[in-house]
Amino acid sequence: MRLIILGPPGAGKGTQSEFIVEHTGALHLSTGDIFRENIKNGTPLGKRAKEYMDRGALVPDEVVNDIVTDRIKSMGPEGSFLLDGFPRTVNQAVALDGALEEIGVTLDCVININVDKEALIQRIVGRRVCPTCGKSYHVTHFPPKVDGVCDDDGTQLIQRDDDQEETVRHRIDVYERQTTPLIDYYKAQDNLVDIDGNQSVQEVKDRILAALQGVQRA
Ligand code: AP5
Ligand code: MG
């Protein structure tokens, strides 16, 4: 399947991507994860991205677009992917459409997760992530089995550098200004599915998988 998961910082994109990937077999492509991996490895891309990420700003389109569109094109028409954190501007969405057109395919579904603003802040401030596999936990809503340790690989969990409350508020503002126009963009393409993300992780998962069931049958 060719999917996008859209939603503000803290909406649960990463959390739900894990379930969607398990269910569909799609490749999870998270631009945030790609940048964090590059920062960890000290690459030039990582250095460039960090300048923007640390202050909650978007990395410029000309840096992001080729990374994703090259991957999509290299997968060809049989490629099955879930984009998390991309596109984030109309310019990025247009670049994605160009890549899809080049390989002769279209998107199957854009999953749009809606969550109230104050809940987003609470979720992000309580988030802990695994620096090895990238899995997200929450100190109270979605804790690991052993306090502070990743269930999957036993690594000590950390807080992301951009998860301080002030930066989070800025990231949410940036989302509202630069990314919400994509909701109308994909509504016009008739493939947007709205999901109420104010529910528990399990309830949101059930709703998304039910929505995808409808898409698979179409
Ligand atoms: P990115 O990594 O994409 O971050 P984001 O969009 O801000 O989203 P988050 O990863 O913070 O949240 P999420 O929706 O994945 O939530 P999660 O599942 O972890 O981007 C980071 C930065 O990289 C950007 O600011 C930008 O600088 C740059 N960047 C990336 N892509 C870019 C692009 N395309 N263009 C330009 N720049 C780009 O959940 C959050 C917490 O809530 C967790 O603790 C989780 O356990 C908990 N939780 C999840 N679901 C629930 C629930 N239902 N109930 C209760 N708690 C829940
Ligand atoms: Mg994420």
Side-chain angles (χ1 to χ4, degrees), residues 4-21 28-39 45-46 48-69 71 82-93 95-96 111-116 118-130 133-144 150-151 157-165 167-180 182 195-208:
I4 292 177
I5 189 160
L6 193 65
K13 301 184 295 296
T15 303
Q16 296 298 332
S17 288
E18 201 184 318
F19 305 130
I20 299 169
V21 162
H28 182 209
L29 270 177
S30 156
T31 39
D33 287 350
I34 293 171
F35 291 140
R36 281 184 287 276
E37 187 63 23
N38 276 274
I39 291 172
L45 172 65
R48 179 121 199 248
K50 190 170 164 51
E51 285 170 38
Y52 298 91
M53 290 171 78
D54 279 354
R55 53 187 164 90
L58 294 186
V59 177
D61 291 340
E62 64 269 23
V63 177
V64 190
N65 285 352
D66 287 351
I67 297 172
V68 180
T69 56
R71 291 287 284 275
L82 168 65
L83 294 176
D84 162 5
F86 184 96
R88 248 175 157 99
T89 62
V90 170
N91 179 302
Q92 292 180 15
L96 174 64
I111 302 156
N112 180 36
I113 308 185
N114 298 292
V115 178
D116 298 338
E118 283 312 309
L120 294 174
I121 292 163
Q122 203 206 37
R123 284 185 189 184
I124 296 194
V125 171
R127 169 166 55 191
R128 300 294 179 271
V129 295
C130 173
C133 70
K135 186 166 176 171
S136 277
Y137 298 87
H138 190 279
V139 286
T140 52
H141 303 316
F142 196 60
C150 180
D151 291 347
L157 303 179
I158 57 162
Q159 247 188 312
R160 262 169 51 175
D161 288 342
D162 58 347
D163 277 357
Q164 304 309 317
E165 184 167 342
T167 316
V168 172
R169 288 192 185 275
H170 183 61
R171 283 163 54 200
I172 295 171
D173 286 348
V174 168
Y175 181 85
E176 284 168 354
R177 275 185 285 117
Q178 298 192 254
T179 310
T180 52
L182 294 183
I195 299 286
D196 178 5
N198 290 295
Q199 315 301 321
S200 70
V201 170
Q202 183 62 43
E203 278 167 316
V204 177
K205 171 186 173 182
D206 291 345
R207 285 169 194 215
I208 292 176

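In each ligand, atom 1 is the first atom listed, and ligand 1 is the first ligand listed.
Here the side chains of Ile111 and Lys13 are not in contact, with every heavy-atom distance at 4.5 Å or above. You'll find the side chain of Arg207 reaches within 4.5 Å of the side chain of Gln199, heavy atoms only. Between Ile4 and Leu182 the shortest side-chain heavy-atom distance does not fall below 4.5 Å. Using a 4.5 Å heavy-atom threshold, the side chains of Arg128 and Arg160 count as separate.
Closest to atom 34 (N) of ligand 1 among all protein heavy atoms lies Gly85 O, 2.8 Å. Summary of contacts: the protein heavy atom closest to atom 48 (N) of ligand 1 is Arg123 CD, 4.0 Å. When hydrogens are left out, the protein atom nearest atom 31 (N) of ligand 1 is Thr31 OG1, 2.7 Å; that is the closest non-hydrogen contact. For atom 39 (O) of ligand 1, the closest heavy atom belonging to the protein is Thr15 OG1, 3.7 Å. In terms of protein heavy-atom proximity, atom 12 (O) of ligand 1 is nearest to Gly10 N, 2.9 Å. Among all protein heavy atoms, the one lying closest to atom 37 (N) of ligand 1 is Val59 N, 3.0 Å. Protein heavy atom at the shortest distance from atom 53 (N) of ligand 1 is Gln199 O, 2.8 Å. Among all protein heavy atoms, the one lying closest to atom 46 (O) of ligand 1 is Tyr137 C, 3.3 Å.
With a heavy-atom cut-off of 4.0 Å, Ser17 does not touch ligand 1 at all. At a heavy-atom distance under 4.0 Å, only side-chain atoms of Val64, from C-beta outward, approach ligand 1. Here Ser200 has backbone heavy atoms under 4.0 Å from ligand 1, and that is the only part of it that gets that close. Counting heavy atoms closer than 4.0 Å to ligand 1, residue Glu203 contributes nothing at all.
Judged by the shortest distance from any of its heavy atoms, Ala49 lies outside the 4.0 Å radius around the atoms of ligand 1. Remark: distances from the non-hydrogen atoms of Arg160 to ligand 1 include one below 4.0 Å.
Of the listed options Arg55, His170, Glu51, Met53, Met53 places a heavy atom closest to atom 22 (C) of ligand 1. Considering each of Arg171, Lys50, Arg88, the one bringing a non-hydrogen atom nearest atom 6 (O) of ligand 1 is Arg88. For atom 13 (P) of ligand 1, the nearest non-hydrogen atom from the set Lys13, Gln202, Lys205 belongs to Lys13. Of the candidates Gln178, Gln92, His141, the one placing a heavy atom closest to atom 55 (C) of ligand 1 is His141. Looking at His138, Arg36, Arg127 and measuring to atom 47 (C) of ligand 1, the nearest heavy atom belongs to His138.
Within ligand 1, the atoms closer than 4.0 Å to a non-hydrogen atom of Ser136 are 19 (O), numbered from 1 in the order shown. Heavy-atom proximity to Pro8, at under 4.0 Å, picks out these atoms of ligand 1: 14 (O). If you number the atoms of ligand 1 from 1 as listed, the ones under 4.0 Å from a heavy atom of Phe142 come out as 46 (O). Of all atoms in ligand 1, listed by their number and element, those nearer than 4.0 Å to a heavy atom of Pro9 are 5 (P), 7 (O), 8 (O), 12 (O).
Ionic pairing of Glu165 and Arg169 is present here: one or more N-O contacts between side-chain nitrogen and carboxylate oxygen are shorter than 4.0 angstrom. Between Asp163 and Arg171 there is a salt bridge, since at least one side-chain N of the basic residue sits less than 4.0 Å from a carboxylate O of the acidic one.
Polar contact check, Gly14 against ligand 1: a nitrogen or oxygen pair lies under 3.5 Å apart. Between Gly12 and ligand 1, a contact under 3.5 Å exists for at least one N or O pair. Distances between N or O atoms of Leu58 and those of ligand 1 include no value under 3.5 Å. Between Ala57 and ligand 1, at least one N/O pair is under 3.5 Å apart.
Side-chain N or O atoms of Arg55 include none that pairs as donor or acceptor with a backbone N or O of Tyr52 at under 3.5 Å. Although no hydrogens or angles enter the test, the distance criterion places a donor-acceptor pair under 3.5 Å between the side chain of Tyr137 and the main chain of Asp151. Between the side chain of Asp196 and the main chain of Asn198, a donor-acceptor pair closer than 3.5 Å is present. Checked by atom type and distance alone, the side chain of Lys50 never pairs as donor or acceptor with a backbone atom of Ile39 at under 3.5 Å. Counting only distance, with no hydrogens or angles, the side chain of Thr179 and the backbone of Arg88 share a donor-acceptor pair below 3.5 Å. With hydrogens and angles disregarded, a donor-acceptor distance shorter than 3.5 Å links the side chain of Thr31 to the backbone of Gly85.
To the nearest 0.5 Å, the span separating NZ on Lys135 from OG1 on Thr15 amounts to 9.0 Å.
Between Gln16 and Lys205, the closest heavy-atom pair is OE1-CA, 3.1 Å. Nearest approach of Ala95 to Thr69, heavy atoms of both residues: O-CG2, 3.6 Å.
Thr89 and Asp61 are linked by a side-chain donor-acceptor pair at a separation below 3.5 angstrom, with hydrogens and angles left out of the test.
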